[in-house]
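Just so we're on the same page: letters track the sequence lines, and every chain starts at 1.
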Amino acid sequence: MYRTHTCGELRAAHAGQTVTLAGWVHNVRTFGGVIFLVLRDRYGITQIVSNPETFPDAHKVIAEAKAEWVLQVTGAVKMRPSDQFNPKMATGEIEVEAQTVVVLNQSKATPIVVSRDEDENEDIRLRYRYLDLRRERMTHNMVLRHKVVKFMRDYMDEHGFIEVETPILFKATPEGARDYLVPSRIHPGHFYALPQSPQQLKQLLMVAGMDRYFQIARCFRDEDLRGDRQPEFTQLDLEMSFVQRDDVLALVEDLYTKMLAAVTPHKRLLASPWPKLSYREAVERYGTDKPDLRFGMELVDVSAVFAGSGFKVFQSALETGGVVKCIVAPGCAGFSRKDVDALTESAKGLGAKGLATLALTAEGLKGTAAKFVSEAEAEAVKARSGAREGDLILFAADERAVVNKVLGGLRVILRDKLGLAEKDVMAFAWVVDFPMFAWNEEEQKWDAEHHPFTMPKMDDLPKFETNPAEILSDAYDMVCNGYEMASGSIRIHRSDIQRKVFQLLGLSEEEIERKFGHMLEAFEFGAPPHGGMAPGIDRLVMLLADEPNIREVIAFPKNQAGRDVMADAPAPATEKQLKELHIAIVEK
RNA sequence: GGUCCCGUGGUGUAGCGGCCUAACAUGCGGCCCUGUCAAGGCCGAGAUCGCGGGUUCGAAUCCCGUCGGGACCGCCA
C-alpha cells in the first residue's frame, strides 16, 4: 500500500502518529520558508506543512510540487495551533509535517482548475471528465449515486428479490423508442437491438418462476437528448409474481421512503403515504401526468362562467367543444408588459393561440381580457379560483388537451420565475389509471400508452370492440417534483388478452408471431400473474444531489448531440470492420 | 425536423462600428515573503475575437452561411 490513511480521515486523535498519505496536490502556499500544501483524494483534503530547517529533503520536493501532481507524503500528525483550526476542513484541526515526500507522478497545468468549482462550458468539462470528476461536487455525486444503488440492492435482497442479468444484445421491439442496432457478423443483414428496457426478459423470468427479480439495468433508446434524458440510462428494474398494483406501489414507496432517510436525510417527503392521483385528475388539475406537487396553482375550469361570454376567444373555444381554464399567479398583478409578453410567447410555444390575462389590481381589472370580462364573470372566476387582489389570472381557451398542456407548462415556468418550490422537498406521488391506448393521429392507429404488455382493467375488456380510447390500464407512474421517476404496470399473463392487444395495435397475425411469438408461447406454459416497475436512477440521483441535469450524476455522459467528446464517439468504422459486418456506407 | 440563446488568452467574462496595438479576474511562469488555508505583494508570458463569405474608408462589434455548445418543442411504448 502506498498509504496508511486517506486524506479525509485524520483527526485530533491521530496527533503524534506517523502516517503516510497519497493523493493529488490540491494547492500550494509558499512563504519563503514554510510551505503549506493541501493533498486531496476521494475522501477529503489534508494540509501538509513543510519546513526547510526540520526536513530539508522533503522540503525540496514539496517546493517543486505543482497542482495535480501525485505525491506520497510520510510524516507526523500534528495539532495545529488552536487559533489556526480550519472549521471548513474536516481535517482542519491537524496537519501532517512532511518528513519524506515521493513524487508518484507529475501533472501538466490542467485545462480546468480542479480545486475550484468554476462553471466552465460543459464541453470542456466533458472533454476532461477525469479531471472534472476529481472535483468535490462530482466526487460527491458519484458517491451519492453509489449509496443510492447500494441501498436499493440491499433492500431488494432483504425483500426476497434476486438480481438476474439479462442480455444487452437482444431483439428489436417494434413499438416505443427507436432501437440501437448492432450488426451481426455471423448473420449477414441481421441485427441485435440493445434493450430499451429488460421488459420482455423480466416477464419471462416470472414465467420461469423467479418470483421476485431485480436488476440495476442499463437501458438504451435512440431518441433525441434532453437535460433529463441520455441515450443510455439506468433503471432499478423490478418484477414480482402474484401481486396486484398496490403491492408493487407499497414496496417501492417503502424502499424510497427509507432510502431518502438513509441517504439524504436533509430531504423531506411532501406527504406520507404518497398521494395517489388518477391520470385524468393529474392532467385536469396540473395539466400534466407528471405534476410538481410542491406548490398549488392548480388549473381551474371556468368554462361554465363563460358559457354566455361576449369574449370571442372564449366563446369560439366553447362552441367548438373546447374549455376555458385558468391558473392564478399569486401577487403577479403588477407584472410588466414584458413579463406578460414572455408568458404569452411561452404559451404559444406550448400550442396556445394566445394568452388572456386578468390582473386584479386595487384600481380594478386590468390585463388583456379586462374589457371583455364582466364584473359578474370576474367575481365568479375569483370564487372558483380563489384569486385575490394582487393576483394575475392566466386563461387558456382551446381544446381540452391544448388548454391543459399550455397551463401546465405555464405553471412550471411560474414556479421557476416565482420560486414557488422548495428544493429540499421531495413530492413523490403515484399517478394511476392510465388510458391503455392513445390514438396516433399521424399514423391513424392505436398506440399503447404504456407498453403492449400492460394489463387492461378487466372491467374494460368489452370496450376493445366498442371504444378503445376509454379502456384504462393497470399502469402507474411514480412522479416527483415534475419529473417522471418510474413507470410500471401489472402485466398481461394470458395469451388471449395479449393477442387482443396486439391486434388492436394493428399488428398482423404474421407480425405478432414473428415479433412476439416467444412471449405468447411462454404465456401458454403457465405464466403467473405478475407486475413490476422500473424507477430511473439517474433522475433520482439528480434530484437528490440538487443537480440541474442528469449529466452531472453520470460519470461519462454524452452531450446533447449524443457524442462522447472525451473519446470522440461515435466514430467511423474501418473498412475491415464494415466488411466483416456486411455493411456498406451510403453517402447521402 | 423546428424555435431560441451562446462561441473573445488555459478557464470564466468585459468590449457590441474607429478610443482594441483587445480589458478584467483566475490559472500559468519568475521573484519576494517562516503560519497560511480562495494566502499576500511585485514582474512576466499568453487571444489576429470558432470558421468562411459579405457590407463598410474601417468589423471582435453589422449581415449571410457554416461548424461547435446549451435550453426547449417534436420524439422519448
Revision key, fill the gap. Smallest heavy-atom separation, Met533(A) atom then Ala486(A) atom, equals SD-CB, 3.8 Å
**Study point:** Aromatic plane relationship, Phe437(A) with Phe464(A) - under 30° parallel, 30 to 60° tilted, over 60° perpendicular
**Key:**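 Ring orientation of Phe464(A) relative to Phe437(A): perpendicular.
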Give one of base, sugar-phosphate or nothing for [X], where a contact means two heavy atoms less than 4.0 Å apart.
{"X": "Pro452(A)", "answer": "base"}
{"X": "Asp222(A)", "answer": "nothing"}
{"X": "Arg125(A)", "answer": "nothing"}
{"X": "Ser197(A)", "answer": "base"}
{"X": "Asp224(A)", "answer": "base"}
{"X": "Arg563(A)", "answer": "sugar-phosphate"}
{"X": "Arg178(A)", "answer": "nothing"}
{"X": "Lys108(A)", "answer": "nothing"}
{"X": "Glu484(A)", "answer": "nothing"}
{"X": "Gly351(A)", "answer": "nothing"}
{"X": "Leu225(A)", "answer": "nothing"}
{"X": "Gln196(A)", "answer": "nothing"}

Among the nucleotides [options], which one has an atom lying closest to any side-chain atom of [X]?
{"X": "Ala67(A)", "options": "U36(B), C28(B), G10(B)", "result": "C28(B)"}
{"X": "Asp123(A)", "options": "C76(B), G69(B), C37(B)", "result": "G69(B)"}
{"X": "Glu122(A)", "options": "G70(B), G74(B), C37(B)", "result": "G70(B)"}
{"X": "Lys66(A)", "options": "G29(B), C72(B), G35(B)", "result": "G29(B)"}
{"X": "Ala177(A)", "options": "C76(B), G70(B), C37(B)", "result": "C76(B)"}
{"X": "Arg229(A)", "options": "G35(B), G74(B), G70(B)", "result": "G74(B)"}
{"X": "Glu223(A)", "options": "C75(B), G30(B), G10(B)", "result": "C75(B)"}
{"X": "Asn559(A)", "options": "G74(B), C37(B), G69(B)", "result": "G69(B)"}
{"X": "Val49(A)", "options": "G35(B), C75(B), G27(B)", "result": "G35(B)"}

[atom1] atom, [N] versus [M]: distance in rounded Å?
{"N": "C16(B)", "M": "C72(B)", "atom1": "P", "answer": "31 Å"}
{"N": "A23(B)", "M": "G46(B)", "atom1": "P", "answer": "12 Å"}
{"N": "U13(B)", "M": "G27(B)", "atom1": "C1'", "answer": "14 Å"}
{"N": "G50(B)", "M": "G15(B)", "atom1": "P", "answer": "15 Å"}
{"N": "G30(B)", "M": "U66(B)", "atom1": "C1'", "answer": "43 Å"}
{"N": "A22(B)", "M": "U48(B)", "atom1": "P", "answer": "11 Å"}
{"N": "C64(B)", "M": "C4(B)", "atom1": "P", "answer": "12 Å"}
{"N": "U3(B)", "M": "G12(B)", "atom1": "C1'", "answer": "28 Å"}

With distance as the sole criterion, is a donor-acceptor pair present between the side chains of [X] and [Y] under 3.5 Å?
{"X": "Tyr279(A)", "Y": "Asp477(A)", "answer": "no"}
{"X": "Ser336(A)", "Y": "Asp339(A)", "answer": "yes"}
{"X": "His26(A)", "Y": "Arg134(A)", "answer": "no"}

Point to revise | Backbone N/O of Lys202(A) and side chain of Glu239(A): donor-acceptor pair under 3.5 Å | key: no
Review point. Does any N or O donor sit under 3.5 Å from an N or O acceptor when you compare the side chain of Arg221(A) with the base of C76(B)?
Key: no
Check your understanding: Between the base of G68(B) and the side chain of Gln560(A), is there any donor-acceptor pair under 3.5 Å?
Key -> no
Check your understanding: Is Met566(A) close to Leu126(A) at the side-chain level, that is, under 4.5 Å between some pair of heavy atoms?
Key ->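 The answer is no; the side chains never approach within 4.5 Å.
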Study note, to complete from the structure: In 5'-to-3' order, the base (B), backbone-only (S) or no-contact (-) status of each nucleotide in nucleotides 38-44 of chain B, using a 4.0 angstrom heavy-atom cut-off, is BB-----
Mind checking who [N] pairs with, Watson-Crick or G-U wobble, both distances under 3.5 Å?
{"N": "A59(B)", "answer": "none"}
{"N": "A45(B)", "answer": "none"}
{"N": "U21(B)", "answer": "none"}
{"N": "C4(B)", "answer": "G70(B)"}

Nearest-Å distance for atom pair [atom1]/[atom2], residues [X] and [N]:
{"X": "Asn440(A)", "N": "G74(B)", "atom1": "CG", "atom2": "C1'", "answer": "13 Å"}
{"X": "Ile413(A)", "N": "A71(B)", "atom1": "CD1", "atom2": "C1'", "answer": "12 Å"}
{"X": "Asp117(A)", "N": "U26(B)", "atom1": "CG", "atom2": "P", "answer": "18 Å"}
{"X": "Glu120(A)", "N": "G9(B)", "atom1": "CD", "atom2": "P", "answer": "14 Å"}

**Study point:** Distance below 4.0 Å between Lys558(A) side-chain N/O and G70(B) OP1 or OP2
**Key:** no
Exercise for review: Would you indicate whether Tyr192(A), at its atom OH, is surrounded by more than 12 heavy atoms from other residues, nucleotides or ligands within a distance under 6.0 Å?
Suggested key: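 For Tyr192(A), atom OH is not crowded (no more than 12 foreign heavy atoms under 6.0 Å).
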Check your understanding: So among Glu136(A), Glu552(A), Arg135(A), Glu547(A), which one has a side-chain hydrogen bond (donor to acceptor under 3.5 Å, both in side chains) with Asn141(A)?
Key ->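 Among Glu136(A), Glu552(A), Arg135(A), Glu547(A), the one meeting side-chain hydrogen bond (donor to acceptor under 3.5 Å, both in side chains) with Asn141(A) is Glu547(A).
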**Study point:** 5' precedence on RNA chain B between His451(A) and Glu118(A) (nearest-nucleotide basis)
**Key:**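 The residue closer to the strand's 5' end, by nearest nucleotide, is Glu118(A).
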Practice item. Could you say whether Met89(A) or Arg539(A) is positioned toward the 5' end of RNA chain B, judged by the nucleotide with the nearest heavy atom to each? Key: Met89(A)
Check your understanding: Would the Trp446(A) and Trp439(A) ring centres measure less than 6.0 Å apart?
Key ->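 Under 6.0 Å, so yes.
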**Study point:** Close aromatic pair by centroid cut-off 6.0 Å: Phe453(A) and Phe523(A)
**Key:** no
